[in-house]
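Here is the structure we will look at.
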Amino acid sequence: NRLVWQDNRSGSWQIYFTEVILPPVPVLYNVKEGLSVIAVTKGMKESYANAFSLLSGWRGQFNVRSILVFDPTTGEMLQADMDISGAASGANFSLTENMALMVYSDSSAAVSLGDMPECVPLNFNTGFNLISVPCVPDNYTAFMMIQSMGVDRTISIARYDNTSGRWDTA
């Protein structure tokens with residue numbers, strides 16, 4: 001994070017630079033009533049170690065019912081639920097940064113997810129993957145991702161559109 005500029009304040013043109021420390025950018029996400037797909041940020045992972053602590057933390061912000069995550073080792077969805085009294089049940093899975101969560105709620109709310117996620121390499125398992133891709137370049141399409149992953153190794157890519165409530169598939 002270096003800022004570089006040129007000026008002639010000393011009477012001759014020179015190049016100057018300074019280090020710039022940018023404050024963290026908090027991520028706000030509009031959780032919709034019904035299904036939302038949310039990425040686990042570094043801030044979320046630091047605040048909530050597992051599904052039950054996340055459910056408890058979100059309880060006062062909106063009416064969260066369930067969060068699900070795909071476990072590639074078993075090929076199954078793990079589900080943690082919260083009843084109206086605030087009791088958590090189901091799988092108390094650990095949160096990892098850039099993990100994709102399927103969140104079911106009875107209300108809508110703007111929720112802080114902590115700081116912007118880190119850009120990390122993506123690792124795909126054979127079969128179904130439910131992942132978050134936080135650092136997508138501008139104008140990068142699903143078809144470009146299929147090309148980079150290998151057309152012969154990729155069946156399809158789907159993205160959940162939180163606004164329409166539909167899955168877009170390529």
I need the minimum non-hydrogen distance between Phe52 and Ala80, along with the two atoms involved. CE1-CB, 4.0 Å
Would you kindly confirm whether Leu68 and Tyr160 end up in one hydrophobic cluster when ILVMFWY residues are joined by side chain heavy atoms under 4.5 Å apart? yes
Do Leu78 and Val103 sit in one hydrophobic cluster, given that two such residues count as connected whenever their side-chain heavy atoms are within less than 4.5 Å of each other, even indirectly? yes
Take the angle between the ring planes of Phe128 and Phe70 and call it parallel below 30°, perpendicular above 60°, tilted in between. perpendicular
Ile146-Ile155 co-clustered via ILVMFWY side chain contacts under 4.5 Å: no
Between Asn50 and Ser53 (side chain of the first, backbone of the second, donor and acceptor by atom type, cut-off under 3.5 Å), is there such a pair? yes
Smallest heavy-atom separation, Ala39 atom then Leu113 atom, equals O-CD1, 4.1 Å
Might you point out which heavy atoms bring Ser112 and Gln61 nearest each other, and give the distance in Å? N-OE1, 4.4 Å
Determine, for Arg65 against Asp81, whether the closest basic-nitrogen to carboxylate-oxygen distance falls under 4.0 angstrom. no
Taking atom OH of Tyr140 as the centre, does the number of heavy atoms from other residues, nucleotides or ligands within less than 6.0 Å exceed 12? yes
So CG of Asn30 and OG of Ser108: to nearest 0.5 Å the spacing works out to 8.5 Å
Checking the side chain of Thr74 only, and the main-chain atoms of Glu76 only, is there a donor and an acceptor separated by less than 3.5 Å? yes
Would you kindly check if the NZ (Lys) or CZ (Arg) of Arg2 is within the cone defined by 45 degrees around the ring axis of Phe17 and under 6.0 Å from the six-membered ring centre? yes
For Thr154 and Phe124, what are the C-alpha separation, side-chain angles and deciding distance, and is it a side chain to side chain contact (heavy atoms under 4.5 Å, CB included)? CA-CA 10 Å; Thr154 308; Phe124 297 98; over 6 Å; no
What do the steps show when you test Val37 against Leu101 for side chain to side chain contact (heavy atoms under 4.5 Å, CB included), and what is the final call? CA-CA 6 Å; Val37 179; Leu101 301 175; over 6 Å; no
Flag this pair as yes if the NZ/CZ of Arg9 is under 6.0 angstrom from the six-membered ring centre of Tyr16 and inside a 45 degree cone about the axis; otherwise no. yes
Main-chain N/O of Met145 paired to Ser148 side chain as donor or acceptor, under 3.5 Å: yes
Walk me through it: do Trp5 and Gln14 pass the test side chain to side chain contact (heavy atoms under 4.5 Å, CB included)? CA-CA 8 Å; Trp5 72 96; Gln14 295 185 34; over 6 Å; no
Assess the side chains of Asn98 and Ser132: does a donor N or O sit below 3.5 Å from an acceptor N or O? no
List the steps, then state whether side chain to side chain contact (heavy atoms under 4.5 Å, CB included) holds for Val111 with Leu28. CA-CA 5 Å; Val111 177; Leu28 284 176; over 6 Å; no
Rounded distance (nearest 0.5 Å) linking atom OG1 of Thr96 with atom CE of Met44: 10.5 Å
Output the distance between atom OG (Ser66) and atom CE (Met102), rounded to the nearest 0.5 Å. 11.0 Å
Indicate whether any N or O donor in one side chain lies under 3.5 Å from an N or O acceptor in the other, for Tyr29 and Thr41. no
Is there a path of hydrophobic side-chain contacts, each under 4.5 Å between heavy atoms of I, L, V, M, F, W or Y residues, that connects Leu130 with Val40? no
Look at the side chain of Ser107 and the backbone N and O of Asn63, then say whether any donor-acceptor pair between them is shorter than 3.5 Å. yes
Specify the closest pair of heavy atoms between Asn92 and Ala51, including all atoms of both residues, with the distance to one decimal. OD1-N, 3.3 Å
Say whether, by atom type as modelled, one donor and one acceptor occur between the side chain of Asp161 and the main chain of Gly165 under 3.5 angstrom. no
With the side chain counted from C-beta on, respond yes when Met77 and Asp71 share a heavy-atom pair under 4.5 Å apart, and no when they do not. no
Roughly how far, to the nearest 0.5 Å, is the OG atom of Ser12 from the CG atom of Asp7? 10.0 Å
Nearest non-hydrogen partners of Lys32 and Ser105, listed with the distance: O-OG, 3.1 Å
Any sub-3.5 Å donor-acceptor pair from Thr141's side-chain atoms to Met144's backbone N or O? yes
Is a salt bridge present between Lys42 and Glu97, judged by a nitrogen-to-oxygen distance below 4.0 Å? no
Assigning hydrophobic clusters by single linkage (Ile, Leu, Val, Met, Phe, Trp, Tyr; side-chain heavy-atom cutoff under 4.5 Å), is Met82 placed with Ile84? no
Please determine if Asp168 and Arg159 form a salt bridge, counting it only when a charged side-chain N lies under 4.0 Å from a carboxylate O. yes
Any side-chain heavy atom of Trp58 within less than 4.5 Å of one from Ile67? yes
What is the minimum heavy-atom distance between Thr169 and Ala158, and which atoms define it? OG1-CB, 3.8 Å
